[in-house]
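Written below as structure tokens is the structure these notes are about.
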Amino acid sequence: MDRNGDAICVSFLDATALDDVLTSARQAGIKVTTWDSDVSGHARSLMVSQGTPDILGAMLVEMGVKSLRSRGKDPKADPVRYVWHYSQAGTADQNSWCLAGEKYIRDNYPKWINLAPENYYSEQDSRKALAVGEYILECHPDIDLILCNDSTALPGQCQAVENFGLSKNDVTVTGFSAPAALRDYCHAGIIERWGLWDNQVQGALGCYLAYLLATGKSIRVGDVIEVPEIGTVKVLPNSVLDPDAYTADDSGVVLLPDRLEFTADNVDNFAF
């Protein structure tokens, strides 16, 4: 605010840590947008989200299902043993994907067994992600599936699998992470498939929306916006991410049009 900026586009792990300063920025006339990880709805105008909890929870589970089938498991008939490993319970988006994924499992794969309903957390620390990953394998030698909805937990879990002398044929690991971080594990046969979204597009969209707001454009829930080189996006109410979210005409969510899934067949086509 001291530098007289016109707009801020931010991504932050803790959902509420920036609320006060961003609220002050808005009161000073600075436009605020977020991308990837959100703040509270009253502290910003627009959030560029990778997807709703239902979309991303189902995506996580179904990537696991595809990999389980590849190694001869029947996800409908077999009592698949699984756990969740991600950053922390306080990370609102990751936690919402876990909750939605749990509901999706109950509705579609009722024979599955969650071996640790309290989940495993590694606080977005790469060394802790490896340690937690190894602990999971030690505690649950018969585990079938590890769902890592965090981009630090997933590489750490893959390294743990490799350290234990295991492969994708022994345990299925999947989740969200950039293709570059998992490419070597994929080619080494540690992981079969995982997903993410194009962070470059997401960040660019967040900045473009901040630019529009800073230049005086009024953007409201329900508006349709044409974005150069990305396409048409619609501003949705914050409730698409959380039914209890802050509601206002000038605070909404824009969903990315697409999400990406990586395997050995396409991972070398991506450079991020």
Member of Arg193, Lys168, Glu192 meeting the side-chain hydrogen bond (donor to acceptor under 3.5 Å, both in side chains) criterion with Ser70: Glu192
Among Gln157, His85, Gln94, side-chain hydrogen bond (donor to acceptor under 3.5 Å, both in side chains) partner for Asp150: Gln94
Answer yes or no: is there a donor N or O on one side and an acceptor on the other, between the side chain of [X] and the main chain of [Y], under 3.5 Å?
{"X": "Ser122", "Y": "Gln124", "value": "no"}
{"X": "Thr33", "Y": "Gly206", "value": "yes"}
{"X": "Ser251", "Y": "Gly41", "value": "yes"}
{"X": "Asp125", "Y": "Arg127", "value": "yes"}
{"X": "Ser167", "Y": "Asn169", "value": "yes"}
{"X": "Asn238", "Y": "Tyr246", "value": "yes"}
{"X": "Asn95", "Y": "Ala92", "value": "no"}
{"X": "Trp35", "Y": "Leu205", "value": "no"}

Starting at [atom1] of [X], measure out to [atom2] of [Y] and round the result to the nearest 0.5 Å.
{"X": "Leu68", "Y": "Thr174", "atom1": "CG", "atom2": "OG1", "value": "9.5 Å"}
{"X": "Asp144", "Y": "Ile113", "atom1": "CG", "atom2": "CD1", "value": "8.5 Å"}
{"X": "Ser67", "Y": "Glu62", "atom1": "OG", "atom2": "CD", "value": "11.0 Å"}
{"X": "Asp268", "Y": "Asn266", "atom1": "CG", "atom2": "CG", "value": "8.5 Å"}
{"X": "His140", "Y": "Leu145", "atom1": "NE2", "atom2": "CG", "value": "12.5 Å"}

Any side-chain heavy-atom pair of [X] and [Y] under 4.5 Å:
{"X": "Leu154", "Y": "Ile191", "answer": "yes"}
{"X": "Val10", "Y": "Arg44", "answer": "no"}
{"X": "Val61", "Y": "Tyr82", "answer": "no"}
{"X": "Ile105", "Y": "Glu102", "answer": "yes"}
{"X": "Arg69", "Y": "Val65", "answer": "yes"}
{"X": "Val173", "Y": "Cys148", "answer": "yes"}
{"X": "Cys186", "Y": "Trp194", "answer": "yes"}
{"X": "Leu56", "Y": "Asp93", "answer": "no"}

Derivation of the side chain to side chain contact (heavy atoms under 4.5 Å, CB included) call for Arg26 and Ser45: CA-CA 9 Å; Arg26 294 191 74 188; Ser45 294; 3.3 Å; yes
Transitively linked via ILVMFWY side-chain contacts under 4.5 Å: [X] with [Y]?
{"X": "Leu213", "Y": "Ile8", "answer": "no"}
{"X": "Val201", "Y": "Phe272", "answer": "yes"}
{"X": "Leu182", "Y": "Phe270", "answer": "yes"}
{"X": "Tyr208", "Y": "Val221", "answer": "yes"}
{"X": "Tyr86", "Y": "Tyr104", "answer": "yes"}

Side chain to side chain contact (heavy atoms under 4.5 Å, CB included) evaluation trace for Val80 with Tyr109: CA-CA 9 Å; Val80 171; Tyr109 303 103; over 6 Å; no
Test: Lys66 and Glu261 ion pair at under 4.0 Å: yes
Salt bridge flag under 4.0 Å for residues Asp223 and Lys217: no
side-chain contact (heavy atoms from CB on, under 4.5 Å), paired with Arg259, selected from Asp198, Leu196, Ile55: Ile55
Over 12 non-hydrogen atoms of neighbours within 6.0 angstrom of [atom1] in [X]:
{"X": "Lys76", "atom1": "NZ", "answer": "yes"}
{"X": "Glu138", "atom1": "CD", "answer": "yes"}
{"X": "Phe164", "atom1": "CZ", "answer": "yes"}
{"X": "Asn163", "atom1": "CG", "answer": "yes"}

Ring geometry between Trp197 and Phe176 (parallel below 30°, tilted from 30 to 60°, perpendicular above 60°): perpendicular
side-chain hydrogen bond (donor to acceptor under 3.5 Å, both in side chains) evaluation trace for Thr232 with Glu226: CA-CA 4 Å; Thr232 300; Glu226 184 66 33; 2.5 Å; yes
Audit row: Leu255, Ser49, side chain to side chain contact (heavy atoms under 4.5 Å, CB included) steps and yes/no: CA-CA 5 Å; Leu255 298 181; Ser49 175; 3.9 Å; yes
Check against side chain to side chain contact (heavy atoms under 4.5 Å, CB included), Asn119 and Cys98: CA-CA 9 Å; Asn119 303 325; Cys98 174; 3.7 Å; yes
Pair Thr23-Asp19, side-chain hydrogen bond (donor to acceptor under 3.5 Å, both in side chains): steps then yes or no: CA-CA 6 Å; Thr23 298; Asp19 282 359; over 6 Å; no
